[in-house]
2 protein chains.
Amino acid sequence: MPQDGRAARGGATRELILDTAMTLFAEAGYRGTSVRDIAARAGISHPGLLYHFPTKEALLMAVLTRRDALGARDFPIEGRPGRVVLASLVGTARFNATDRGIVELYATLSAEATAADHPAREYFQTRYAALLAFVRDALADVANDGGLADGVDPSIGAQQIVALMDGLQVQWLLDDATDMEAALAAHINSLLTAPLSAADHS
Amino acid sequence: MPQDGRAARGGATRELILDTAMTLFAEAGYRGTSVRDIAARAGISHPGLLYHFPTKEALLMAVLTRRDALGARDFPIEGRPGRVVLASLVGTARFNATDRGIVELYATLSAEATAADHPAREYFQTRYAALLAFVRDALADVANDGGLADGVDPSIGAQQIVALMDGLQVQWLLDDATDMEAALAAHINSLLTAPLSAADHS
DNA sequence: GTCTATACCCAGATAGAC
DNA sequence: GTCTATCTGGGTATAGAC
């Protein structure tokens with residue numbers, strides 16, 4: 001019957017660990033954060049933490065998955081018009097520029113997870129496949145209205161947009177004068193017959 | 001007076017270590033390779049290796065620097081016309097698709113090195129600044145001949161091209177069906193008034 | 001100048017007590 | 001569900017042989 005201040009029943013400790021892990025991962029990166037660090041900050045011992053998440057990787061995946069779920073809740077863009085979806089991607093680029101930690105985490109992990117034996121590889125394969133399909137569908141939707149520039153292939157266009165978002169993050173992390181939003185918006189507009197405008201937001 | 005089979009004078013051991021390290025880094029990644037692994041494969045003890053390269057990071061930087069030097073020797077494109085430089089970037093994308101290990105290494109490291117306290121951060125900052133300037137100059141050269149599409153800014157175009165090359169590598173590493181060359185060429189051509197052709201190679 | 005042997009410390013993970 | 005103790009492996013520093 002736990003009833004003390006920090007570890008009440010019902011997965012409260014689990015949530016506390018996740019919060020703490022997300023904070024520290026964002027501050028110092030995945031490699032720069034030890035399980036002991038997270039446990040100490042959360043007020044338990046490392047084996048105590050590893051009872052809830054058997055490995056550090058498992059903890060990481062839980063952090064990422066939860067973040068995905070929060071994002072889907074806060075930015076519901078499923079089933080919206082293609083131009084709105086594209087505009088939301090530009091909005092994401094702007095939003096990302098406010099949280100260096102999480103950008104660093106994703107940029108580092110998505111590269112690290114490309115290793116054939118990396119535990120998070122499948123997660124990112126699935127994530128990228130879904131993201132590419134999502135953007136491709138948005139471009140195809142725009143194409144249906146004749147809004148795509150000549151010779152633009154939705155599938156290639158989606159690859160370009162996703163790659164651009166990833167690559168620009170690295171440049172921005174290395175030099176914060178980099179304007180991710182401007183470079184992304186310029187490219188997306190080059191794929192369209194008419195540029196995005198404020199009317200496309202929401 | 002060393003004169004045995006593997007460690008002759010004049011930095012031969014150093015070269016052997018670099019070769020071995022490049023191979024193992026490419027096979028198992030930076031994190032997946034221990035200094036002991038490299039030393040064992042090179043036929044010396046780890047402290048023996050650390051005599052030549054004081055830290056694992058130093059060894060890594062030496063590998064990268066040497067790779068840069070080899071690249072500059074094999075692909076001399078300094079001072080060439082802008083369109084030739086752009087074509088060579090497409091060639092690089094094609095060439096990269098033949099060596100997964102080195103792509104993985106650069107993709108992982110460039111992301112990892114964005115951390116504020118990472119020893120390779122300055123190296124990558126310098127490298128990216130030079131690369132961006134290089135591509136920007138190529139685009140500016142094309143613009144001088146009126147070969148740039150309307151509204152294309154050489155500086156932003158350079159950011160996009162470099163970001164695209166980086167981001168496409170991640171997608172290709174996660175799904176080798178990704179056609180890096182096609183996506184990059186399509187984007188570069190969209191920046192130009194006339195597409196690149198075989199005539200631009202060399 | 002070139003290397004081996006040894007030791008230190010930190011990190012992830014496991015075993016078993018409470 | 002959480003702890004203490006311990007194992008293993010990796011990066012690094014030092015001592016000293018040749």
Side-chain angles (χ1 to χ4, degrees), chain A residues 1-21 24-25 27-63 108-109 112-113 115 117-120, chain B residues 1-21 24-25 27-64 105 108-109 112-113 115 117-120:
Chain A
M1 307 73 170
Q3 44 133 337
D4 64 0
R6 63 166 194 276
R9 35 166 279 116
T13 302
R14 209 169 181 276
E15 287 302 308
L16 174 62
I17 292 170
L18 283 175
D19 285 339
T20 309
L24 290 186
F25 283 159
E27 275 176 15
Y30 175 66
R31 260 177 314 298
T33 307
S34 73
V35 173
R36 282 169 174 84
D37 290 340
I38 301 168
R41 183 84 78 94
I44 59 175
S45 65
H46 23 121
L49 186 156
L50 291 175
Y51 165 77
H52 294 278
F53 303 93
T55 70
K56 191 185 180 188
E57 282 289 341
L59 173 57
L60 170 65
M61 299 316 296
V63 167
T108 307
L109 276 180
E112 184 181 352
D117 62 342
H118 197 286
Chain B
M1 311 71 177
Q3 44 133 339
D4 64 358
R6 62 167 195 273
R9 36 167 276 114
T13 301
R14 207 169 183 279
E15 287 302 308
L16 176 60
I17 292 170
L18 282 175
D19 284 339
T20 309
L24 290 186
F25 282 160
E27 276 177 12
Y30 175 66
R31 255 177 320 298
T33 307
S34 74
V35 172
R36 285 168 175 85
D37 290 340
I38 301 169
R41 183 83 79 94
I44 60 175
S45 64
H46 23 122
L49 187 156
L50 291 175
Y51 165 75
H52 295 277
F53 304 94
T55 69
K56 189 186 182 188
E57 282 288 343
L59 173 57
L60 170 66
M61 299 314 296
V63 167
L64 292 178
L105 181 61
T108 307
L109 277 179
E112 184 180 353
D117 61 342
H118 196 286

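For the numbers below, each heavy atom of this structure counts, side chains included, while hydrogens, waters and symmetry mates do not.
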J.: Could you measure the distance from the OG1 atom of B:Thr13 to the OH atom of B:Tyr51? Nearest 0.5 Å is fine.
T.: 10.0 Å
J.: Taking atom P of C:dA13 as reference, at what distance in whole Å does atom NE2 of A:His52 sit?
T.: 16 Å
J.: Does the protein touch nucleotides 11-18 of chain D at the base, only the backbone, or not at all? Give it as B, S and - per nucleotide, heavy atoms under 4.0 Å.
T.: BBB-----
J.: Which whole-number value in Å describes the distance from A:Tyr51 OH to D:dG1 C1'?
T.: 5 Å
J.: Write down the distance between CG (A:Asp37) and C1' (C:dG12), rounded to a whole number of angstrom.
T.: 12 Å
J.: Does a nitrogen or oxygen in the side chain of A:Ser45 sit under 4.0 Å from OP1 or OP2 of D:dT2?
T.: no
J.: With sequence neighbours left out, what residues match A:Ser45 under side-chain contact (heavy atoms from CB on, under 4.5 Å)?
T.: A:Pro47
J.: Please confirm whether the shortest side-chain N or O distance from A:Thr13 to OP1 or OP2 of D:dT2 is below 4.0 Å.
T.: yes
J.: State the CG-CD1 distance between B:Leu49 and B:Ile17, to the nearest 0.5 angstrom.
T.: 4.0 Å
J.: A:Leu59 has an atom CG; how far is it from atom C1' of C:dG12, in whole Å?
T.: 12 Å
J.: Without decimals, in angstroms, what is the distance between B:Leu49 CG and C:dT4 P?
T.: 10 Å
J.: CD1 of A:Ile17 versus C1' of D:dG1: gap in Å, rounded?
T.: 10 Å
J.: Provide the closest heavy-atom pair for B:Arg31 versus A:Glu112 in the form atom of the first, atom of the second, distance.
T.: NH2-CG, 2.9 Å
J.: First locate atom CG of A:Leu50, then atom OG1 of A:Thr55, and finally report the distance between them rounded to the nearest 0.5 Å.
T.: 8.0 Å
J.: Considering non-hydrogen atoms only, spot the tightest contact between B:Ala120 and B:His118 and give its length.
T.: N-ND1, 2.9 Å
